[in-house]
Amino acid sequence: MKFSKSYEPGEYEADIYAAWEASGIFNPKLATKPTDNNSDGIDDRTRNIEKTYSIVMPPPNANGNLHIGHGLTIALEDSLTRYHRLKGDSTWYIPGADHAGFETWVVYERELEKKGHTRFEYDRDELYSRVWDFVADQRGNMELQLRALGASCAWDDLTFTLDENVIDRVYTTFEKMWNDGMIYRGKKLVNYCTKHRTAFADIEVDYKEEKTPLYYIKYGPFTLATTRPETKFGDTAVAVNPNDERYQEWIGKTITVEGVNGPFQVEVIADEMVDMEFGTGVVKITPAHDFNDWEAGQRHNLRVVQVIDETGHLTEVAGRFAGMTVEEGRKAVVKEMEKMGLIIKVDNNYVNKVPHCYKCGTVIEPMLKEQWFIDVKKLADVAISHLENNEINFHPTNKKTVLINYLKNLKDWNISRQIPWGIAIPMFKKADDSATDEPDWIFDRRTNLKEIEKAGVKYVRDEDTFDTWFSSSHWPIVCTDWTEENFNPYYPLNVMETGADILFAWVARMIMMGLYVTGEVPFKDVYLHGLVLDAQGKKMSKSKGNVINPMDLVTKYGSDAFRIGILKGRSAGMNQAFSENSVIAGRNLCNKLWNISRLVQSIVDEGEFMGATSSPYTTDNMGEDWICREINDCISKVEADIENYRFAEATETLYQTIWDKYADWFLESQKIYKNYSLLKITLESLLIALHPFAPFVTEAIWQNLSWTEGFIATTNWPSSLKFDPISAEEFENIRNIVSEARTTLASLPGTNNAKKYGLLYDNDSLIEENQLLIKALSKVPTINNLNGSPRGLRLALANHELYLDVPEKVVKDYKDALTDKILAVGRELDALNARLMNPNYVDKAPAHLVKETRDGVKEKEALISRLKNQLELI
RNA sequence: GGGGAUUUAGCUCAGUUGGCUAGAGCGUACGAUUCACAUUCGUAAGGUCACAGGUUCAAGCCCUGUAAUCCCCACCA
């Protein structure tokens, strides 16, 4: 006996994973790269494979640990992967690791600061190689954790986001875009973090509601409201709404404003952007530090005066305030203005949405910077047309609409970051102004060189790096080694599974880039998962202290328990609560399955000892037909559920079938009638069907049983079992009889009733033939033919004569319960009759429903008459 | 301002093209114990399906409206 009394995941998981990995079963059956140089470029092996299944892992941070969201990701993706592997597809689950540009940079910079250094002491190449070493030191944790979660990915094909082929591909795309005129260098307002000294894309900015004092200040002839008095030094106009009657006379005039550094003059402009209702309907325009003002400045050709520098301090235009931080400057300016009587009033209850750096919380300043931009119009339009053409199926479906809506309003994408940790932008700027015929900027891949020479002209490297999303948007392309030259059977991916929170940042960009580079959508399906919330439905966060570490749960309950637990009750795209209880339920299922296998093996061993096993199986009684039917139903439902990404339903179905049907009814019946071959094949079917969700316990059992060669992980998905449907349906009668006996026994006064009273049947062939089974399942001591006039308590069964052999006194005590039962059945009968009285129902409802209703009436009537009969006897 | 969702048992959630008596897990109550499993077995209680209308023979599901909760985008100088 290889089965211990309970399943101990810790004893099996590591060994099983190592055995899988060593055997190479995680690699796709079909070569991933065409090796033959046939005329059409297609590998011979490609031709023979019917189906491929490819899925990529959203790359976890290379130097981080996995969090609960990764746990969910792996549970989802690996279940899909294992299912398709069992289905016989050439399955390729490609793992990845993310250099996580800014995230990692922030961690590294913090380390640097702890040691009393700053990034500005080193050049980019030096910093890059230092971070590289830093990441290399930290790396590996997450890979071990992925293994612990059971991720059946092809480790040999792991893609790191800074791998050479990734950089190559990114440069190729960039070059193509540059040549296509889609890349431009622009001096525009960008979101800028003065702590990290880098620009951000719009999606990286975190807006928070804050109370910001709203100052009503005297501004020439006007009073205007502003939250940013310190930017006054950069004001180059003052604006009113062209329809505002209050200010008509001023439009176009130049006014003199009393300032803290003395008077200055600005022009009054009229612009639709001004909301007449807000404040006084007058706005000061600071084009260098506000997005709206910038646009107004473009419209009216205003001067741009920079007030805040890259370090977050006021520039020399602030005069005696220069050198102060923004915050200090604001206070000082307000104080001075108060002194001068320029502050009319202050609204301290004004709530403003303030942009923050999503990493350090520093207030983001709109800053005028030269950056590389992608003109996204064409990319977005192409993506929209393919989306509208339904080339990608979304789960949940509504995300497609959301995505299209986003793409329609997408602004040009700033891809420059001023941090060293990332892929260098392959652009060089002309250093020699005298070479007027040469272009100012040229593309070149030699980013390892600080200077290059071309046509005798010297060019200097741009020191910026790419936004990580620019390279990440190539993920399906680079992971599958897609090339222009060869047909790639793994591209497009079958599915992209990732978090709903990065629909815009990542999914949208993968679609645009996939189409731009390959002409095809990069994946056929998108499955988006929501956030994993804590048991109270609150977001997990370090500060709240409610973070659940997936590895703790894996250690405590096992990998399978975690996987089943986190999939429980989860549906696409929704933020949903998660608690240890669901993992406990998963652990219990694993243990149940273990003990089921333990019992089945002991029965089969006994059969083999007696030489009784035979193959193929036959079904010899109705319980056996029934379980075949139930398993078939279960497996086809699981197939449909997985193919439609209904993970919770799939695990739920398996849970019910294994526990409530296989263990509670079939195995109990097999204690009476043993069918060794059928026990084997049914157990194997259930093990295989559960394997995608619980890979370790099913493999551990499979190996312990050792009935079938090889791993369960690479066996064949179960085929349907043969059975007699009529016999299977008959078994439902047995289940009803047993349930009714149990219910009645439990409702009788006293305890241990099942041991006290036997069953009596009255010439009923179904009961007679299955009396041993009924006796065993209901746990009564005896079951006999009545042989005489009825006695005891009649069970509430419409089509069977069955009595509990209880004394007269107990029957009398049961009288009230019996009356209640008759009334309850009567109510049900009335409801059915009412339906039949409605001529519209009889005419319009489908015939089979009407028939069912009629049958129901007959059945209830029979039941009532039997129960009434009993009542009269009492 | 624009968009997307959610609301079903004490809790977390299912409920696929409308179909009869709305399900599960956990929790609760009562009972069981050598014989695979107390990580077990049996039984039960617990629901005006957010609210109001409408369509239909029939509505948790479809339509209209209301309320509450949540998320995303834009944005308030």
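In what follows, every heavy atom counts, from backbone to side chain, and hydrogens, waters and symmetry copies are set aside. Model, not experiment: these values are computed from the prediction.
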### Task
Can you tell me, in whole Å, how much space there is between the P of A67(B) and that of C51(B)?
16 Å

### side-chain N/O Lys779(A) vs G31(B) OP1/OP2, d < 4.0 Å
no

#### Entry: C37(B) OP1/OP2 closer than 4.0 Å to side-chain N/O of Trp659(A)
no

### Query
Any ion pair linking Glu13(A) and Arg563(A) (charged N to carboxylate O, less than 4.0 Å)?
no

### Message
Is the phosphate of A77(B) approached by Tyr350(A) (side-chain N or O, under 4.0 Å from OP1 or OP2)?
### Response
yes

### Query
Looking at Lys755(A), does any N or O in its side chain come under 4.0 Å of the phosphate oxygens OP1/OP2 on G42(B)?
no

### Message
Taking donor-acceptor contacts at under 3.5 Å, does the side chain of Glu649(A) reach the base of A24(B)?
### Response
no

### Query
Glu652(A) or Asn840(A): which one's nearest nucleotide on RNA chain B is closer to the 5' end?
Glu652(A)

### Message
Mind checking if Lys408(A) touches a base, just sugar-phosphate, or nothing, with heavy atoms under 4.0 Å?
### Response
nothing

### Query
Within the structure shown, what part of the strands sits under 4.0 Å from Thr853(A) by heavy-atom distance: base, sugar-phosphate, or nothing?
base

#### Entry: OP1 or OP2 of A14(B) under 4.0 Å from side-chain N/O of Gln576(A)
yes

#### Entry: Lys/Arg-Asp/Glu bridge criterion (N-O < 4.0 Å) met for Lys671(A), Glu668(A)
yes

### Task
Rounded to whole angstrom, note down the P distance from U39(B) over to U21(B).
40 Å

### Sugar-phosphate, base or nothing in reach of Phe504(A), heavy atoms under 4.0 Å
sugar-phosphate

### Message
Return whichever of Tyr207(A) or Leu667(A) has its heavy-atom-nearest nucleotide of RNA chain B closer to the 5' end.
### Response
Leu667(A)

### Query
In the structure shown, which nucleotide is the Watson-Crick or G-U wobble counterpart of C51(B), with both distances under 3.5 Å?
G65(B)

### Message
Taking donor-acceptor contacts at under 3.5 Å, does the side chain of Lys5(A) reach the base of U39(B)?
### Response
no

### Task
Could you check whether Lys400(A) gets within reach of a base, just the sugar-phosphate, or nothing at all, counting any heavy atom under 4.0 Å?
nothing

### Task
Verify the contact: side-chain N or O of Arg646(A) to OP1 or OP2 of C13(B), cut-off strictly under 4.0 Å; return yes or no.
no

### Distance, P atom - from U66(B) to C71(B), rounded to whole angstrom
22 Å

### Query
Under 4.0 Å: is that the gap between some side-chain N or O of Asn398(A) and OP1 or OP2 of A5(B)?
yes

### Task
Could you check whether Val283(A) gets within reach of a base, just the sugar-phosphate, or nothing at all, counting any heavy atom under 4.0 Å?
base

### Message
Under 4.0 Å, counting only non-hydrogen atoms across every strand here, what does Ala225(A) touch: a base, just sugar-phosphate, or nothing?
### Response
base

### Task
Considering non-hydrogen atoms only, spot the tightest contact between Gly565(A) and Ser582(A) and give its length.
O-OG, 3.2 Å

#### Entry: Salt-bridge present (Arg646(A), Glu652(A); N to O < 4.0 Å)
no

### Query
Any side-chain N or O of Asn352(A) less than 4.0 Å from the OP1 or OP2 oxygen of A77(B)?
yes

### Glu277(A) atom CD, neighbour heavy-atom count above 12 within 6.0 Å
no

### Task
Considering only atom P, compute the distance from U48(B) to U40(B) and round it to an integer number of Å.
30 Å

### Query
Got a salt bridge between Lys637(A) and Glu639(A), using NZ or NE/NH1/NH2 to carboxylate O under 4.0 Å?
no

### Task
Kindly say if Ser571(A) contacts the phosphate of A14(B), meaning a side-chain N or O under 4.0 Å from OP1 or OP2.
yes

### Complement of C70(B), any strand, by Watson-Crick or G-U distances under 3.5 angstrom
G4(B)

